[in-house]
**Student:** 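One structure, as structure tokens, below. Some questions next.
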Amino acid sequence: METEKRFCRNCGTHILQESTQCVFCGSFQFSNGIPFFRYLSESKFFRIKILYPGVPFLGTLIAVLHFVFWKDIVPFTFSILFLVWSFLFSISGWIGELILDLKFRGDVKDFKEGFIEWQKHLYDRSPYLSYLGMILFVATPLIQWQNSLWFSLASATIWTTLISFLALVIVPLI
Ligand SMILES: [Zn+2]
């Protein structure tokens, strides 16, 4: 008799129907007994179908609304920085998802190796793409990220802080 199998919510690997936790990535398959936010963040569907397309859309919407209605009340810089953050969040989210796919397929053992493997794929397409990919990661630590959400939150926040420091502190000094 064949055992019933299904795909893990977080990494997409085949696991047993009744497993509560995925054997590969450790994510929970049922919502009972775990914090709601953790359950949500471990959903690949939520991340790639709702969060990564939705956040830049929200950032753009807020910037437009701000420009039209509240420009004189709150400094426009806030919306611009949020817009920058939202795009960086989405881009690093997609990249993180690609890198983690390599790990879950078994090609690499951790995020760091996944990054190097992803760099090789990029380099095969074009060296310039690979330089661009490297720049994105200059400030982001390549540690063992649980899933792409935590990675993209960290990456977008670090980069937005760097960009705002450059644009608001360093550039006015020159
Ligand atoms: Zn999994």
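First listed ligand is number 1; within each ligand, the first listed atom is number 1. Small disclaimer: the values here were computed from a predicted structure and weren't measured.
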**Student:** Checking R9 side chain against Y39 main chain: does a donor-acceptor pair fall under 3.5 Å?
**Tutor:**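 Yes; judged by distance alone, with no hydrogens or angles, the pair exists.
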**Student:** Considering residues at least two apart in sequence or located in another chain, which fulfil the ring-ring contact (aromatic ring centres under 6.0 Å, His included) criterion with F115?
**Tutor:**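 F115 satisfies ring-ring contact (aromatic ring centres under 6.0 Å, His included) with F137 once adjacent residues are dropped.
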**Student:** Can you list everything that forms a salt bridge (Lys or Arg N to Asp or Glu O under 4.0 Å) with R38? Sequence neighbours excluded, please.
**Tutor:**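 For R38 the salt bridge (Lys or Arg N to Asp or Glu O under 4.0 Å) partners, ignoring immediate neighbours, are E42.
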**Student:** With a 4.5 Å cut-off on side-chain heavy-atom distances among I, L, V, M, F, W and Y, is there a chain of contacts connecting L168 to I158?
**Tutor:**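 L168 and I158: separate clusters.
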**Student:** Indicate yes or no for a side-chain donor-acceptor contact from W159 to the backbone of L136 under 3.5 Å, with no hydrogens or angles considered.
**Tutor:**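 Yes; at least one donor-acceptor contact below 3.5 Å.
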**Student:** Can you name the residues that form a salt bridge (Lys or Arg N to Asp or Glu O under 4.0 Å) with K103, not counting sequence neighbours?
**Tutor:**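 Scan of K103 (salt bridge (Lys or Arg N to Asp or Glu O under 4.0 Å), adjacent residues dropped) gives none.
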**Student:** Distances under 2.8 Å only: what protein N/O/S atoms are near the Zn ion (ligand 1), ordered by chain and residue?
**Tutor:**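 The answer, once waters are left aside, is C8 SG, C11 SG, C22 SG, C25 SG.
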